[in-house]
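See below for the structure under consideration.
Order of listing sets the numbers, starting from 1, for every ligand and every atom in it. Just so you know, these numbers come straight off a predicted model, no measurement behind them.
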Amino acid sequence: MTMVAKIFVTRRLPGEALDFLRSRYSVEVWDSQDKITRKDLLSRIKDIDALISLLSDKIDREVIDSAPNLKIIANYAVGYDNINVEYATSKGIYVTNTPGVLTDATSELAWALLFAVARRVVEADMFTREGRFKGWEPELFLGKEVTGSKIGVIGAGRIGRSFMEKGAGFDIKWCYYSKTRKPDVEERFNARYMDTLNMFKECDFVSLHVPLTSETYHMIGKEHFDRAKGLILINTARGPVVDEREMIKALRDGRLLGAGLDVYENEPEVPHELRTMKNVVLLPHIGSATHRTREKMAMMVAQNVDAALSGKVPMNLVNPEVLKK
Ligand code: NAP
Ligand code: GLV
Ligand code: GLV
């Protein structure tokens, strides 16, 4: 008798993806109102073959060691900084992510934040709801104009490029920084390659699109904010890419005119002072949160798991070195 492979999912996922997996495997889902605790995670995965994780689940050595039969960790996210990939690789475990299907949803949210901060949309909405709109005023809620502005993109990958594409029509002067120079980006968007310090000196807006790695941790800090003159920072990448304490100081004293944030340094904690500031728009990490995208992500995760459990190499492998093991 062949054993049916076991999958554990740390949260219910939208769409049909889990039903597809249930038709072939034994699937257990953490089906509670609250996020799974570490203790529960460790106790539920002892005999599983596949783990479907969220970006908020820390998949470290201890977790990996608790699941000796594990063949795949399929993250329900494109970022996988929550997983100790090196250790998983050493154990011969596939790690997969969900690239591409969330690119448009995330880049459009970066634009939503940019416009919301530049044109003070949330602040003005609150003012209106509070019944304080007493008539048109020449100087009511003056903001920063987006059309014709200079925008810097840090990380010209899938989402960074998509963000630039969506700016067509706003007459943006683009500059970008990425690990490698991209002649096609320079040509397509007439974009200048620029180091991040100069970018903070010259730009009206900077939008972050790098993954969180040891290299990008705190890549934006005091020396950047010291050069900024009324810049607006947009972060839909990962909180720890920015030194959050220094960002708050710069928002307080005006070196930064504002910030649009979907991510924070110690999620889900959002610093109290940030929550009292009028020049920020704060979102609860919803970059990929559209019905369409979240369903596609779930299907992608299911296909990766199905491949790994049927002896195939999953499509969205982030640790190809594992194949050499
Ligand atoms: P991607 O296609 O891999 O793009 C990331 C880009 O960052 C790459 O092009 C890479 O540049 C660049 N990069 C990496 N390390 C760098 C460094 N040290 N310095 C400068 N550039 C560096 O990934 P993506 O699909 O666009 O996603 C990007 C990130 O967005 C994810 O990792 C995730 O953390 C975040 N994200 C957030 C949300 C949300 O809900 N807010 C949703 C989706 C994704 P090169 O090409 O030059 O090597
Ligand atoms: C979301 O933050 C992701 O990395 O998919
Ligand atoms: C504003 O509503 C205008 O007509 O200029």
For [atom], what's the nearest protein heavy atom and its distance?
atom: atom 2 (O) of ligand 3; result: W136 NE1, 4.4 Å
atom: atom 5 (O) of ligand 2; result: V78 N, 2.8 Å
atom: atom 20 (C) of ligand 1; result: K179 N, 3.3 Å
atom: atom 22 (C) of ligand 1; result: V210 CG1, 3.6 Å
atom: atom 12 (C) of ligand 1; result: S178 OG, 3.8 Å
atom: atom 35 (C) of ligand 1; result: A237 O, 3.6 Å
atom: atom 14 (C) of ligand 1; result: P211 CD, 3.5 Å
atom: atom 1 (P) of ligand 1; result: R158 NH2, 3.6 Å
atom: atom 1 (C) of ligand 2; result: L55 CD2, 3.4 Å
atom: atom 28 (C) of ligand 1; result: H209 O, 3.5 Å
atom: atom 4 (O) of ligand 1; result: G157 CA, 3.2 Å

- Query: Between G287 and ligand 1, does any nitrogen or oxygen pair lie at a separation below 3.5 Å?
  - Reply: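 Checking ligand 1 against G287, an N or O pair does fall under 3.5 Å apart.
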- Which is closest to atom 30 (O) of ligand 1 by heavy-atom distance: V318, I159, I286?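 When every heavy atom of V318, I159, I286 is considered, I159 comes closest to atom 30 (O) of ligand 1.
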- Query: Considering N235, T180, T106, which one's heavy-atom position lies nearest to atom 43 (C) of ligand 1?
  - Reply: T106
Got more than 12 heavy atoms from elsewhere within 6.0 Å of [atom1], [X]?
X: Y80; atom1: OH; answer: no
X: K166; atom1: NZ; answer: yes
X: R245; atom1: CZ; answer: no

Using a strict 4.0 Å threshold on nitrogen-to-oxygen distance, state whether [X] and [Y] make a salt bridge.
X: K35; Y: D57; value: yes
X: E186; Y: R181; value: yes
X: K201; Y: D226; value: no
X: R192; Y: E202; value: yes
X: E265; Y: R238; value: no
X: E62; Y: R38; value: yes
X: E321; Y: K324; value: no
X: K150; Y: D204; value: no
X: D243; Y: K222; value: no
X: R44; Y: E28; value: yes

- If we ignore angles and hydrogens, is there a donor and acceptor under 3.5 Å between the side chains of T128 and D125? no
Polar atom proximity, [X] to ligand 2 (N or O, under 3.5 Å):
X: Y76; result: no
X: G79; result: yes
X: H285; result: yes

- Note on the structure: So for D262 against ligand 1, with non-hydrogen atoms under 4.0 Å, the contacting part is side chain
- Message: Under 4.0 Å, heavy-atom basis, I'd like to know which part of A156 is in contact with ligand 1: side chain, backbone, both or neither.
- Response: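 Backbone only.
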- Message: Using a 4.0 Å cutoff against the non-hydrogen atoms of L102, which atoms of ligand 2 qualify?
- Response: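 Selected atoms, number and element: 5 (O).
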- Query: With a cut-off of 4.0 Å, which atoms of ligand 2 are near a heavy atom of R238?
  - Reply: 1 (C), 2 (O), 3 (C), 4 (O)
Report yes or no: does [X] have a heavy atom closer than 4.0 Å to ligand 1?
X: L212; result: no
X: Y177; result: yes
X: T216; result: yes
X: K182; result: yes
X: S288; result: yes
X: T236; result: yes

- Message: Given 3.5 Å as the limit, does a donor-acceptor pair link the side chain of N319 with the main chain of V95, or not?
- Response: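 Here the side-chain-to-backbone pair exists.
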- Does D306 offer a backbone N or O that forms a donor-acceptor pair with the side chain of S310 under 3.5 Å? yes
What atoms of ligand 1 come within less than 4.0 Å of a heavy atom belonging to [X]?
X: E215; result: 18 (N)
X: H285; result: 39 (C), 40 (O), 41 (N)
X: R238; result: 33 (C), 34 (O), 35 (C), 36 (N), 37 (C)

- Ring centers of Y176, Y193 separated by less than 6.0 Å: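 Judged by ring-centre distance (under 6.0 Å), Y176 and Y193 do meet the cut-off.
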